[in-house]
Amino acid sequence: MAALVVLFNLKDEESKEVYEKWAKNIDVPTASKMTSVDAFKVFRLGNIMGTQTPSPYQYCEVLEINDMGKLTEEVNSETMKNVAAQFQDFADNPTFIISEQIA
């Protein structure tokens, strides 16, 4: 199984409450309809374990992908292009990491 992991911070002008409402009501439900996505979760990140040091990232999205080729097709739909543009309005230089489950 592959996963797409997205690490990001919000842009300075963006509200945590507004982003989280959008993620719950728009991003997750819309992206979850793609047939290439088995699961989609968004995490608010806290401190680095055992410290009071905050994570370098505020959020992490994890999409479990069953077909990377199909995902590429589906993200190019008008609906997903619109959601991606909205995401880019919130996220400050997000990092998209393709990962592969090994255990």
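Residue numbers run from 1 in the order of the sequence given.
Pairs of residues two or more places apart, or lying in two chains, that qualify as ring pair (Phe, Tyr, Trp, His ring centres under 6.0 Å) and include a residue from residues 49-84 are Phe8-Tyr59, Tyr19-Tyr59. Each salt bridge (Lys or Arg N to Asp or Glu O under 4.0 Å) pair with one or both residues in residues 42-56, not counting sequence neighbours, appears once here: Glu20-Arg44. Within the structure, the ring pair (Phe, Tyr, Trp, His ring centres under 6.0 Å) test picks out no pair touching residues 28-53 (sequence neighbours left out). The salt bridge (Lys or Arg N to Asp or Glu O under 4.0 Å) analysis of residues 6-19, with sequence neighbours excluded, yields no pairs.
To the nearest 0.5 Å, atom CZ of residue Phe90 and atom OG of residue Ser15 are 8.0 Å apart. To the nearest 0.5 Å, the span separating NZ on Lys41 from SG on Cys60 amounts to 11.5 Å. The distance from the OG atom of Ser99 to the CD atom of Glu64 is 9.5 Å, given to the nearest 0.5 Å.
In the model, Asp92 has no side-chain atom that pairs as donor or acceptor with a side-chain atom of Asn9 under 3.5 Å.
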> Should Leu45 and Gln58 be marked as a side chain to side chain contact (heavy atoms under 4.5 Å, CB included) after you check the CA-CA gap, both sets of side-chain angles, and the distance that decides it?
Replying inline: CA-CA 5 Å; Leu45 303 178; Gln58 294 170 309; 6.0 Å; no
> Would Asp27 and Val83 satisfy side chain to side chain contact (heavy atoms under 4.5 Å, CB included), going step by step from the backbone distance to the final call?
Replying inline: CA-CA 6 Å; Asp27 192 21; Val83 170; 3.4 Å; yes
>> Does Thr79 form a side chain to side chain contact (heavy atoms under 4.5 Å, CB included) with Thr30? I'd like the steps, not just the answer.
In response: CA-CA 8 Å; Thr79 298; Thr30 305; 3.5 Å; yes
> Given Met1 and Ile65, is the side chain to side chain contact (heavy atoms under 4.5 Å, CB included) satisfied, shown in steps?
Replying inline: CA-CA 7 Å; Met1 161 106 25; Ile65 309 299; 6.0 Å; no
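No continuous path of ILVMFWY side-chain contacts below 4.5 Å connects Leu4 to Leu7, so the two sit in separate hydrophobic clusters. Connection of Trp22 to Val18 is established within a shared hydrophobic cluster, with ILVMFWY side chains joined at heavy-atom distances below 4.5 Å, either directly or through further cluster members. Both Ile26 and Val37 belong to a single network of hydrophobic side chains, linked directly or stepwise wherever heavy atoms of I, L, V, M, F, W or Y lie under 4.5 Å apart. Under the 4.5 Å side-chain contact rule for hydrophobic residues, Leu10 and Phe96 share a cluster.
Pairing each heavy atom of Ser36 with each of Leu71, the nearest pair is OG-CA, 3.3 Å. Between Gln101 and Ala103, the shortest heavy-atom distance links the atoms NE2-O, 2.8 Å. When all heavy atoms of Asn76 and Thr72 are compared, the pair lying nearest together is ND2-O, 2.9 Å. Here the closest heavy-atom approach between residue Ala23 and residue Pro29 is recorded as O-CD, 3.9 Å.
The shortest distance between side-chain heavy atoms of Gln88 and Pro94 falls below 4.5 Å.
Apart from Ile48 itself, the hydrophobic cluster it occupies contains nothing, where clustering links Ile, Leu, Val, Met, Phe, Trp and Tyr at side-chain heavy-atom distances under 4.5 Å.
Not one N or O on the side chain of Asn82 forms a donor-acceptor pair closer than 3.5 Å with the backbone of Glu78.
Considering Leu63, Val28, Val62 in turn, Val28 is the only one that fulfils the side chain to side chain contact (heavy atoms under 4.5 Å, CB included) rule with Val42.
Evaluation of the salt bridge (charged side-chain N to carboxylate O under 4.0 Å, His left out) rule for Lys70 yields Glu73 as partners, not counting sequence neighbours.
Within 6.0 Å of atom CD1 in Ile98, 12 or fewer heavy atoms from other residues, nucleotides or ligands are found, so the atom counts as exposed in its surroundings.
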